[in-house]
Amino acid sequence: MASLNEPATLATALNNVRRLKDSTLPQQSKPAQLLIAIESTISFTLGTDELPHSATAYFASLQQVLEKACNDQVPTSSVNGGRGDDEEMAESENMGQGALIPATLYLLAIIIPETSSSVVLSKITTILDNILPLFETSLEHPPALRSLIQIITSLLLLPSSNQLNSSPLLKKAWNYLLELNLDPRPKVRHTAQEGIRKILTTPIPPKLTPGSHPYLPRAREWVVAILEEEVKSGGNGNAKSKKIRFADGDDGEGKRAIWVIQGLRGWVAVWGDEQLSSLCGLLLSLPPLPHLTTHIYSLLALLLSPPPVDATGPKPSVLTNLPTILDSLLTSPPEVSDTPTYLSAITSALIKMSLQDPTILPTYLPKAFNLIFHNILLSPNTTPAVLQSASEAIGSQGILRYCITDEAILSTVTYVRQGSNVPGARKKSKTPFLYKLINSITESMNTHALRLPYLFNILQALISRLRLRVLPGEFAKVDETGRGHTAAEELLMDIIKDVGDLRHQRGFEDKEGVDNVIGMAIEVIGVPVVLERLPLNIEPDSSGSTPYPGRAHLLPLIRSRTTNDQLSYFAGYFRPLSERLFEKKVSAEDGGRAAEAKVWETVVVQIWDCWSGFCEMPRDLKDGLTTPFLSLLTNLLYTQPLLLTALLRGLSLLVSSTQRLLNSGSPPEELRKQFGLDQNSAAENMNFLKTLAKDMVSVLLNVFSKLPRESRGMVGEVIGLWVGIMTESDIIETYNTVTTHLSSNLHTTQPPSAGASPISHTMLDLLIIFVPHLPPTQSQALFNAASQGTMLEHKDATVQKKSYRVLKRLLEAGKLDKSKNLEEFVKKLGEAGAGVGPGAQRDRLQLLSALVESLPKDSLHIIPELLSEAVLGTKEVNERARDAGFDLLVIMGKKMASGGEVRVQKDEAEGEDEENMDQTGPVQANAEEYLTMVAAGLTGTTPHMISATINALSRLIFEFKEDVSDRTLSELLSTLSVFLTSKNREIIKSALGFSKVTIVSLPLEVLQPHLPQLVPALLGWVHDHKNHFKQKTVHIFERLIRRFGFDEVYKHSTELPEERKVLNGIRRRKERAKKRKNGKDDEDEDGEQKPRQSTGNAFDDVLYNSESDISSDDDNEEDSRPTQKGRKGQQQQQQQQQNRKGKQNTKQDTRYIRNEGDEPMDLLSRSIAGGVVSSDPSARKQRKPGQDASHFQTDKTGKLVIQEDNDPDDNQGQAGSSRTDGGVMMSRNTVDGHTRDSKGNLKFNRNTKKVREDEREMNEMFDEEEKKIDGRKMQDRRKKRKAMGLGEEFKAKRAGGDIKRNNGPDPYSYVSLGQAGSRKNGKGGNKINLTNKKKGSRT
């Protein structure tokens, strides 16, 4: 009998095997048949039919079957049941498909990991005696061999160190595993490699960390032997000198070394620090074969990568031959395809050197930089992928980030300050490597325009590394206070200015790279220094012209990248600038220049958007927040709504960043070095902000009250931050002011002004904000006031809603004495339940959730009193209220599951269910008891209550299925199966949802006994289309078939052919969908699958959002994927996947240099960067020979075909052309016309007598031409009407009509009365009347 603690994986795995008993493939059906036979024997022995049995029972039975089969006690003929090639061999040698031993091994590989280790260890010798001889016979049968590997892996994880060292059988099994690491079959080899990894990296009790496994030395010896053999043979193998164990086991192109390295990656972490040096040397000695080299570099990068920075983590190992490894790497660059992994190995080695021996690192940095930068990055044949790897190896992931020390930065700054960098000057010291690196980058920007994007990445990493602040003087020293200039300011400002100027060159495309460099400079160096070298040039000068180049694009960069800067700079530079630009905006508005005014207004808004960056950990907070500046802020908050968001963001960061720095646990010296601030300076800034808090909150309260309700969110958050730093006396004073306004305007529902909210609503919103910061006395007073009936039963539903929110915040704040008046509060809530407004139900349910979470364990008897309201909350019309009801149910369940006692008493209040409760005294609180309490609602008298209870049980079973016994779950399933036969559709809808949730989430052993009742009940709704019942039921059967198999579900269906036809249809469509899906996967080049959409709630995903397997396959069936309504449905629709983009060509660089003009191109000029484009300039559309002639039709001989004049289409074309030609002639010959001379200059006609006469004749000619064209149009229209028939020209293009008789008009063709009464239809024509009937037809 299965216990409650039996892992669900065992039941699932056995069920997956059992369902294949009727498979046509012997390797699938044989294990299933063997499992069913063993289960039948165990059930007969134990006297129980409940599945699955214990893992020990399965293990004992399988061990006996294996022992008998290995001893040939089971005849082969009884296994195969027929004649074949395997009948004459012994059973111990029969490892083919459908044999007994492979089936037994397959089941043992499943059972042994789930069996108790003591049971397996007691039989480990017997098992090894039986299975080790099978390795030789199973070499030709991969399925059996994989099962053997899995069994050996499970067995080697169990013994102690003494047993592993003393048992020859275990050592032999280990040797088999090592040898199978070289099996040429990928599945077998990967299984063996995973087994080795799992054994060596799993700690042996009582050890808690992996390492020092008894078999680790043997594994190292084996790996070294194989690699040394590959070194000697040059990767060609030695098949002649040694017998190959495996078929197709030749070692072409170093396959054996590749396989060893692949397996070694999984357990190289436990290789041992002492032996790492020899391993690295051996790896570098391997032959440079095409596929082997990549694996070598990848493993070296893994070996040399430093461990994560953690004080408790292991110390990095010391490699004695690290210089030799670096020399070998630097002197043997690989092929282009292996370069990314090669660069990763070099980077890891350099980082390892910086940690292990930084004194000799300067010896290798120039070599590595020259190799990566000059030989790879600047090489003309390097692919984009290699270029990206090279830029990362130098920049963000390599040399600049990890290998440039503070001493190197200081020596470079000293070198520049001494003037040694000036050409011709006497050098007082050797040129530092960092200075050479900067020069190389600068020169490359001038000479290699195509490499600018990658140089920008390197420059960005260089600026980030040079954020070290140094003291002034000839010899640079680190500024411990963090107030000095950065090293980047002294070393890189010239190149930063040059990069910024590139953005304004004509045709320059990589503006994003320039912005990244300038943004990093703003972040590291600071806004004042950057704007000094790259001024904004926004404001016109005295002459009225704007200086060139304008750099308004820097404002968004300043907004997003500014941090830890000087707040006083904003007040001294940006504030006056914004005032001058605002005056220009007002002047433009007064002058009627609306477009110009909008431009100045936008720039002003962008300037104030930058203010929030200066408010994040400012270095001079006291100097920046002067009284005039604070007055300006107050004025802007009141008068400039466009700036409100930026101002509020800055006020928020002033408080939050100071609090974050004040609570930082980093050492003060590190904070000062990095930010120029520490905890002490943060405390001083916080005290200064507290002096401003009262006035700032008053201003914000006034702004809050004047804003409409939908615009108050951010203002409320900022008020909460500033209230949090106020003194207690100021908080009490402000609180009293707000409550006074509330009490005097509680029953006033009229807003004070148009668009504003009523004062009572505003005051309640402010109280909600104040709650977390109120003292306990005021919190208790507010709780008592808000829980009165005047608030909870107020005629205004908004007042109710906000009152519930106040109470909820008070409970969450934890400042109330819950031991007092808790039951009285619950009683008040019950009395107010009848008067809840339409919009307050969700807030009431959320209040109940907060109340339940705050209940002490001796007050759990309150939960039954609230349970009925929670259950009915799942049927609320509002979706958010329903979600709150489900959340309340789950919170109640977790509270009950946490333990305690529930005092159940006989309730004398009204309610039919409660009158039947006769239990008194305490009941132990747990999830099962809670589920029983909820299930009592199934006895309700209304379908609404029953449906709500079923919904609640669905949610609770999904949440607490692990905490409830199988017996209780089985009883609930039996009870709910009855409701599937109900006649009430509301109950049926909930019952179908319950069925779907249980089928998806409950274990198979719980569901299996209920299939005979569940399947027929569900089949009763497969033909009901109303409320999508058929769609939902079909989806449920898909899930059933997926979990139990088609045959298991089909055998429990009724005998009615219509119902079985539905099941057969589901199976056929599912198979068809599977085939089509496989076909689409084959056609899909990318092999990508769309991720399954999720609402973020696991229960909703199961109930609503699980996709059907067959819905997209059958065009005649409805879509079987239910979609949610409301907010979650909108979210689900918004999560549609975007179209996949085409693959980018990474094999070659597709950028070009545009050559403009006939002058020679100067490739060494920096201006050449402006001509770099991403598209081929030669691919522009050009006029091709014969392009115009292609517009004419040709006959078979190639001659042009000219349309006749009577073609109506041509007539229109000719008319249009004649008009065009006439217009050209008139523009030339009229008095107002003009001509152009040979140089293209305009020459206007003179008003002479000859010109006026020519104009008159031309007008007469065009009038005659127009008359001819109009007459021709009328003739063509008549011809067309005669050809079409009366009224057909008015027929709609897509109208089919009601009746259409032969030789008659189309119905509903609207014609004039003159046409309808005309008899001029010709002979044989039909006479038309207004009734649209033929003569003699029936009416």
Side-chain angles (χ1 to χ4, degrees), residues 409 412-413 416-417 421 438 442 445 456 459-460 462-473 476 479 482-505 511 514-542 545-581 603-604 606-620 623-624 629 675-676 1166:
I409 298 175
T412 305
V413 174
V416 173
R417 288 180 178 178
N421 61 322
I438 296 173
T442 306
M445 290 181 62
F456 288 159
L459 184 58
Q460 187 177 350
L462 179 60
I463 297 172
S464 178
R465 181 63 188 92
L466 295 182
R467 64 176 69 235
L468 184 70
R469 296 186 177 271
V470 294
L471 293 171
D479 186 359
R483 299 283 181 172
H485 299 294
T486 61
E489 179 180 349
E490 298 192 34
L491 299 177
L492 300 177
M493 276 312 300
D494 291 336
I495 190 173
I496 290 173
K497 184 182 184 305
D498 293 340
V499 171
D501 292 338
L502 284 176
R503 202 180 195 278
H504 303 281
Q505 289 189 4
K511 295 181 180 180
V514 173
D515 290 344
N516 290 333
V517 173
I518 303 300
M520 182 59 69
I522 291 173
E523 180 180 333
V524 173
I525 302 174
V527 178
V529 178
V530 174
L531 290 186
E532 182 182 356
R533 301 297 297 272
L534 296 171
L536 291 174
N537 292 338
I538 296 176
E539 193 176 10
D541 54 16
S542 58
S545 59
T546 304
Y548 182 84
R551 296 187 179 91
H553 64 274
L554 292 180
L555 290 175
L557 291 177
I558 295 173
R559 179 190 60 189
S560 59
R561 303 300 291 267
T562 303
T563 181
N564 190 222
D565 216 314
Q566 301 175 18
L567 185 57
S568 59
Y569 181 78
F570 183 90
Y573 176 79
F574 283 105
R575 181 190 61 81
L577 176 63
S578 67
E579 291 176 351
R580 294 193 298 269
L581 296 182
V603 176
V604 171
Q606 288 186 345
I607 289 174
W608 279 98
D609 280 343
C610 301
W611 186 62
S612 58
F614 289 89
C615 294
E616 185 174 6
M617 286 192 299
R619 294 173 174 268
D620 54 350
D623 298 334
F629 187 71
F675 303 109
R1166 176 170 294 178

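FYI, the numbering just counts along the sequence from 1. In this text the structure is predicted, and so the values were computed from the model without any measurement.
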Steps toward side chain to side chain contact (heavy atoms under 4.5 Å, CB included) verdict (Asn516, Phe456)
CA-CA 8 Å; Asn516 290 333; Phe456 288 159; over 6 Å; no
Side chain to side chain contact (heavy atoms under 4.5 Å, CB included) assessment of Arg469 paired with Glu489:
CA-CA 9 Å; Arg469 296 186 177 271; Glu489 179 180 349; over 6 Å; no
Shortest non-hydrogen contact from [X] toward [Y]:
| X | Y | answer |
| --- | --- | --- |
| Gly550 | His504 | O-CE1, 3.3 Å |
| Ala487 | Val413 | CB-CG2, 3.9 Å |
| Ile463 | Val524 | O-CG1, 3.6 Å |
| Cys615 | Leu567 | SG-CD1, 4.2 Å |
| Pro547 | Glu539 | CD-O, 3.6 Å |
| Gly624 | Phe629 | O-CD2, 3.7 Å |

Interatomic distance, [X] atom [atom1] to [Y] atom [atom2] [nearest 0.5 angstrom]:
| X | Y | atom1 | atom2 | answer |
| --- | --- | --- | --- | --- |
| Cys610 | Asp565 | SG | CG | 11.0 Å |
| Leu534 | Arg551 | CG | CZ | 5.0 Å |
| Tyr569 | Thr562 | OH | OG1 | 10.5 Å |
| Arg483 | Phe675 | CZ | CZ | 13.0 Å |
| His485 | Leu471 | NE2 | CG | 10.5 Å |
| Leu581 | Ile607 | CG | CD1 | 5.0 Å |

Are [X] and [Y] packed together at the side-chain level, in the sense that at least one heavy-atom pair is separated by less than 4.5 angstrom?
| X | Y | result |
| --- | --- | --- |
| Val416 | Glu490 | no |
| Asp609 | Leu555 | no |
| Leu492 | Ile525 | no |
| Val527 | Tyr573 | no |
| Ile518 | Arg561 | no |
| Ile409 | Thr412 | no |

Is the Trp611 ring parallel, tilted or perpendicular to the Phe570 ring (thresholds 30°, 60°)?
tilted
Asp620 side-chain N/O to Gln566 backbone N/O, donor-acceptor pair under 3.5 Å:
no
Is the side chain of Arg467 donor-acceptor paired with the backbone N or O of Ser464 at a distance under 3.5 Å, no angle test?
yes
Leu536 and Leu577: side chain to side chain contact (heavy atoms under 4.5 Å, CB included), yes or no, with the steps?
CA-CA 11 Å; Leu536 291 174; Leu577 176 63; 4.2 Å; yes
Taking it one step at a time, do Ile495 and Met445 satisfy side chain to side chain contact (heavy atoms under 4.5 Å, CB included)?
CA-CA 9 Å; Ile495 190 173; Met445 290 181 62; 3.7 Å; yes
Basic-acidic side-chain contact under 4.0 Å: Asp498, Arg533:
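Between Arg533 and Asp498 there is no salt bridge, as every charged N stays at least 4.0 Å from the carboxylate O atoms.
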Ser568 vs Asp623, test: side-chain hydrogen bond (donor to acceptor under 3.5 Å, both in side chains). Steps then yes/no.
CA-CA 6 Å; Ser568 59; Asp623 298 334; 6.0 Å; no
Look at atom NE2 of His553 and say whether more than 12 heavy atoms of other residues, nucleotides or ligands are closer to it than 6.0 Å.
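Atom NE2 in His553 is crowded, with more than 12 foreign heavy atoms closer than 6.0 Å.
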